[in-house]
Amino acid sequence: MHAEIVAIGTELLLGKTINTNVSYLGKKLVSLGIDLFYETTVDDNEIRLYTVLKRALHRSDVVITTGGLGPTVDDITLEIISQVIQKRLILNHAVLKNIREHFHRRQIAMPKENVRQALIPEGAKPLKNELGTAPGLIMSLEKKVLIALPGPPAEMKPMVERDAAPYLAKKFPANWVILSRLVKTTGLAESQVNQKVKDILNAKPPLNVGIYAHTEGVDLNITAKAKSKRQAEKLIKQIETKIRSRLKEYIYGQDAQSLEEVVAKTFKAKKKTIAIAESCTGGLISKRLTNISGSSQYFLLGIVAYSNQSKQFLLGIPQETLKKFGAVSKEVAYLLAVNIKQLAKTDLGLGVTGIAGPKGGTKEKPVGSVFIALATPRKILSRELHLHGDRNALRMRASQAALEMVRRYLVK
Ligand code: ATP
């Protein structure tokens with residue numbers, strides 16, 4: 001038994017709208033124990049939509065469409081569904097009433113085009129749309145199910161939670177569970193992680209291990225399918241232990257945890273404080289730390305010292321140092337860390353300076369050169385990094401490396 005999603009809308013293929021419905025529905029189906037085997041995105045074209053729906057209903061047991069339920073001429077989903085399943089479109093008075101009430105609440109006269117949205121295939125169960133006019137539909141077709149949902153996520157999700165998911169759970173009771181665990185690493189390139197866990201990535205069903213690289217680091221996703229939650233947890237634990245023993249200190253968190261969340265928790269547990277003087281990251285490190293509520297307990301001061309003058313006058317970096325080594329240098333990062341620590345009277349001081357690009361690089365210090373220093377009560381730790389990516393990615397990577405340096409120090 002498996003499902004297929006058909007996302008309908010020309011704007012999805014033009015890249016104007018990111019297809020977030022698929023990611024949401026994919027997770028939902030996993031939680032219901034239903035395999036998702038296919039996803040097709042198709043434009044608002046009658047022939048192509050007809051072909052895609054016909055194929056989906058032929059090869060999948062559950063077909064979920066999103067989009068194209070609106071009142072305009074390019075909203076063709078219901079018309080094509082009615083052709084594919086060979087059911088007439090019939091005016092549904094309850095749906096029409098809901099559409100009328102929607103306009104009444106907004107004190108707008110209902111355009112006559114909206115009547116079209118109340119024409120639904122014979123035998124279909126309409127799903128109430130609390131936020132818009134397009135109704136959702138559930139159609140039971142012998143052993144298969146076709147569910148049509150509106151495109152806007154805010155309209156689609158409540159229908160899934162309230163109607164579609166409970167319907168599927170009842171119709172196809174899961175006889176197995178799927179559990180996932182995301183192990184998050186930072187500081188290693190994808191190829192380095194791959195090298196360390198190559199054999200684990202070959203895990204066979206009911207286990208699956210995937211590797212995902214992104215700006216913040218490289219994650220390993222373990223998925224297990226089993227008859228019970230306990231069994232799935234056991235399978236995951238075995239692989240997770242292996243992964244942890246290989247990637248050790250590079251692992252900073254798991255599942256939805258962000259690095260800043262982990263750092264925040266560690267600061268609270270260790271009762272330490274920090275102040276940050278950052279240049280190329282433009283406040284990103286301070287922003288990330290203060291994203292976490294309660295951060296005033298440990299984050300006492302942040303200065304974005306962008307110009308040489310501010311480095312000199314606010315943070316006491318001598319003009320000679322700036323001249324001799326350059327604003328982007330190990331020496332300046334060092335002094336930024338030491339001086340901000342002293343200024344804010346914190347346990348730790350973090351200094352970050354670098355070249356975020358795309359301009360400003362030199363042969364000796366190309367774009368992506370970043371110097372980080374962490375002043376601690378006993379010593380000053382420092383790192384020189386050569387990062388890659390565009391300006392945004394570089395700033396993110398630099399902030400990640402700096403936060404990771406703090407985390408590593410705190411957990412020691
Ligand atoms: P409505 O009548 O409420 O607009 P609809 O079913 O006709 O519903 P569409 O016209 O297809 O929906 O899409 C409306 C908007 O919904 C899109 O412009 C887009 O912002 C969002 N949307 C549609 N499909 C998706 C999707 N797969 N993922 C994320 N957003 C989507």
Side-chain angles (χ1 to χ4, degrees), residues 3-30 34 36-53 55-56 60 62-85 89 91-92 94-106 108-121 124-139 146-165:
E4 172 156 1
I5 296 172
V6 178
I8 303 158
T10 305
E11 79 276 12
L12 297 168
L13 288 170
L14 292 177
K16 288 186 178 159
T17 301
I18 297 172
N19 195 347
T20 56
N21 288 352
V22 169
S23 120
Y24 164 80
L25 288 168
K27 284 186 206 138
K28 186 50 73 183
L29 287 164
V30 166
I34 297 174
L36 175 65
F37 281 177
Y38 305 100
E39 184 275 319
T40 310
T41 303
V42 61
D43 63 348
D44 307 309
N45 173 282
E46 294 184 10
I47 297 168
R48 284 186 285 273
L49 179 54
Y50 182 91
T51 314
V52 164
L53 280 177
R55 184 183 61 180
S60 303
V62 177
V63 176
I64 304 178
T65 72
T66 75
L69 298 179
T72 56
V73 279
D74 60 352
D75 290 311
I76 53 171
T77 304
L78 288 188
E79 237 165 74
I80 305 302
I81 284 179
S82 85
Q83 289 173 25
V84 173
I85 64 172
L89 287 176
L91 186 76
N92 184 297
V95 172
L96 186 59
K97 187 167 168 258
N98 192 48
I99 297 171
R100 278 196 208 289
E101 280 170 3
H102 176 85
F103 283 101
H104 185 70
R105 276 196 302 275
R106 295 168 64 197
I108 303 172
M110 186 179 99
K112 64 178 187 320
E113 288 78 21
N114 285 78
V115 176
R116 240 185 105 216
Q117 291 182 291
L119 287 170
I120 65 170
K125 175 179 152 36
L127 309 178
K128 195 168 177 185
N129 190 336
E130 307 276 1
L131 295 167
T133 55
L137 297 175
I138 295 182
M139 286 152 270
L146 175 57
I147 299 176
L149 300 168
E155 296 178 28
M156 183 270 297
K157 287 182 191 175
M159 271 185 208
V160 172
E161 301 297 334
R162 192 193 56 220
D163 302 308

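Whatever order the structure lists ligands and atoms in, that order sets their numbers, starting from 1.
- Shortest contact from atom 9 (P) of ligand 1 to any protein heavy atom: Gly68 N, 3.8 Å.
- Residue contact annotation: Gly70 has a non-hydrogen atom under 4.0 Å from ligand 1.
- Nearest protein heavy-atom neighbour of atom 17 (C) of ligand 1: Glu11 OE2, 3.3 Å.
- Remark: minimum distance from atom 10 (O) of ligand 1 to any protein heavy atom is reached at Asp75 OD1, 3.7 Å.
- Scanning all protein heavy atoms for the shortest distance to atom 31 (C) of ligand 1 gives Gly151 O, 3.4 Å.
- Among protein heavy atoms, the minimum distance from atom 19 (C) of ligand 1 is reached at Thr17 CG2, 3.7 Å.
- Among all protein heavy atoms, the one lying closest to atom 4 (O) of ligand 1 is Pro152 CG, 4.0 Å.
- Between Leu12 and ligand 1, no pair of N/O atoms sits closer than 3.5 Å.
- Remark: the backbone N or O of Ala134 is paired with a side-chain donor or acceptor of Asn129 at under 3.5 angstrom.
- Gly70 approaches Gln117 most closely through the heavy-atom pair CA-NE2, 3.3 Å.
- Asn21 ND2, 3.1 Å is the protein heavy atom nearest to atom 26 (C) of ligand 1.
- Within a 6.0 Å radius of CD1 in Ile47, no more than 12 heavy atoms belonging to other residues, nucleotides or ligands are found.
- Near Pro150, meaning under 4.0 Å from any of its heavy atoms, are these atoms of ligand 1: 6 (O).
- Ligand 1 places these atoms under 4.0 Å from at least one heavy atom of Ile18: 28 (N), 29 (C).
- Distances below 4.0 Å separate heavy atoms of Thr66 from the following atoms of ligand 1: 27 (N).
- Compare Asn19, Thr10, Asp44, Thr77 by their heavy atoms: the one nearest to atom 27 (N) of ligand 1 is in Asn19.
- Remark: Glu101 engages Lys97 in a salt bridge, criterion side-chain N to carboxylate O under 4.0 Å.
- For ligand 1, the atoms closer than 4.0 angstrom to any heavy atom of Pro153 are 29 (C), 30 (N).
- Of all protein heavy atoms, the one lying nearest to atom 3 (O) of ligand 1 is Glu155 OE1, 3.0 Å.
- In the candidate list Val6, Val22, Leu69, Leu69 is nearest to atom 5 (P) of ligand 1, counting heavy atoms.
- Heavy atoms of other residues, nucleotides or ligands lying less than 6.0 angstrom from CD1 of Ile108 number more than 12.
- Around atom 29 (C) of ligand 1, the closest heavy atom drawn from Thr41, Thr20, Leu25 belongs to Thr20.
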